[in-house]
Q: 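Take a look at the following structure, please.
Sequential numbering from 1 along the given sequence is applied to the chain's residues. Side chains included, hydrogens not; waters and symmetry mates left out as well; all remaining heavy atoms used.
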Amino acid sequence: MAFDRFGRNIHYLRISLTDHCNLRCVYCMPEDMTFRPRAELMQDEEIFLLTRLFAELGFDKIRLTGGEPTVRANIVGIVHEIAHTPGIRSVTMTTNGVLLKKLARPLAEAGLQRVNVSLDTLQAAKFKRITRWGDVEDVWEGILAAEEAGLTPIKLNAVVVRGYNEEDVVDLARLTLEHPWQVRFIEMMPFAGATELQTSHVVTAAQIQERIERVFGLLEPANGGELDGEARLFRIPGAQGELGFISSVTQPFCASCTRARLTADGRLRLCLLREREVDLLTPLRQGASLEELRQLILDGIWHKPWGHGLAEGLIPLNRTMSQIGG
Ligand code: SAM
Ligand code: SF4
């Protein structure tokens, strides 16, 4: 098992399969984003080898992300291989949902267990403004296809941005009345690429909750008050689904963090909001032994930072969100 020096057992790996994306969300990347050449990204076999190493070190939970993981070539084959790696108990994906209509079933058959789909508004014009390129209808069809394919419970992620979608949290919350989904509201975090917007347009989880409670009344705590990953869970009285609030900026959950990230270019990123990374891909390509790679991972995990430094004004600027893997 892999522990950091604070005694946290790190066993959840988010693997970014690509930094490429078919959308250009304003809070994630600039519209004229340039992507890494394919040769700089981990090849399928490199991903599988590193997954096996992490699994041997006790990692049992994998989330595939990006960029947009569904635009990666051979995504179904990649999911199948990772899901059948000894020691891996759960494989999930965070996706913008645009391609799920056709991919949900093959992904489920390959071993994917659940999806988190990003959806910031139900309104077509606002969706286009936020994602620059997207059609909300594609995402909606993708969500229904995911549910149909059994990728459940469905979780929807909404980043709330002042001046873009703060009123839409009410309609998104209303979805839980009729659907057994978890709708999660995320405080926007600052990275490279859109730092000005990310710092000046934050809506806090408390403000989001207040807006929802003005319409639906006081929310009931769900999940016995326990965090679900990073989300504090509530329910509109009588609703089928739940609401989650992810307050990474105003109320970080660093003490219970169990995760590490592998970027699409093969760097082990110890904290989303800290620049520190350990390069695994270069040594792998230079012929490092499995034992050497294992040691690099264990040393990296040991030195995982306690938490982020946003309160002290420390913003990670070496990558955009899409280059890290959210
Ligand atoms: N493309 C996929 C998607 O959008 O779901 C996966 C990658 S995306 C980087 C992962 C998650 O990060 C999404 O839910 C997205 O909304 C969120 N995200 C992107 N930029 C963010 C930011 N600046 N602050 C908070 N969350 C952000
Ligand atoms: Fe693409 Fe996801 Fe970033 Fe939007 S949030 S630009 S869908 S990677």
Q: Distance only, no hydrogens: is a donor on one side chain within 3.5 Å (strictly under) of an acceptor on the other, for Y27 and D120?
A: yes

Q: More than 12 non-hydrogen atoms from neighbouring residues, nucleotides or ligands closer than 6.0 Å to CD on E148, yes or no?
A: no

Q: Indicate yes or no: does E230 engage R14 in a salt bridge with an N to O separation below 4.0 Å.
A: yes

Q: Could you tell me whether R235 and E242 have a side-chain N and a carboxylate O separated by less than 4.0 Å?
A: yes

Q: Around atom CZ of R214, are there more than 12 heavy atoms from other residues, nucleotides or ligands closer than 6.0 Å?
A: yes

Q: Check T65, I78, I62 against I15 for a side chain to side chain contact (heavy atoms under 4.5 Å, CB included) and give me the one that passes.
A: I62

Q: Have R63 and T94 got a donor and an acceptor in their side chains that come within less than 3.5 Å?
A: yes

Q: Within a 6.0 Å radius of atom CZ on R285, are there more than 12 heavy atoms belonging to other residues, nucleotides or ligands?
A: yes

Q: Do the charged groups of D44 and R72 touch, with an N to O distance under 4.0 Å?
A: yes

Q: Please determine, by modelled atom types, if E68 and T95 share a side-chain donor-acceptor pair under 3.5 angstrom.
A: yes

Q: Looking at D265 and R36, does any basic side-chain N land under 4.0 Å from a carboxylate oxygen?
A: yes

Q: Is the NZ or CZ atom of R174 positioned over F216's six-membered ring, under 6.0 angstrom from the centre and within 45° of the axis?
A: no

Q: So, for L284 and L293, which heavy atoms are closest and what is the spacing to 0.1 Å?
A: CD1-CD1, 3.9 Å

Q: Cationic tip of R5 within the cone over W302's six-membered ring, i.e. under 6.0 Å and within 45° of the normal?
A: no

Q: Could you walk me through whether D138 and K101 pass salt bridge (Lys or Arg N to Asp or Glu O under 4.0 Å), step by step?
A: CA-CA 8 Å; D138 293 338; K101 187 177 174 187; over 6 Å; no

Q: Could you check whether the rings of F35 and H20 sit parallel, tilted or perpendicular, using 30° and 60° as the cut-offs?
A: parallel

Q: Is it the case that T204 and E187 place a side-chain donor and acceptor less than 3.5 Å from each other?
A: no

Q: Among R267, R269, K304, which one satisfies salt bridge (Lys or Arg N to Asp or Glu O under 4.0 Å) with E277?
A: R269

Q: Would you kindly say whether W181 and E147 are connected by a side-chain donor-acceptor distance under 3.5 Å?
A: yes

Q: In terms of side-chain geometry, is the basic nitrogen of K128 or D135 positioned less than 4.0 Å from the acidic oxygen of its partner?
A: no

Q: Strictly under 6.0 Å, is that where the ring centroids of F245 and F234 end up?
A: yes

Q: For the CG atom of L262 and the CD atom of E46, what is their distance to the nearest 0.5 Å?
A: 10.5 Å

Q: Run the salt-bridge test on E275 and R319 with the 4.0 Å N-O cut-off and return the result as yes or no.
A: no

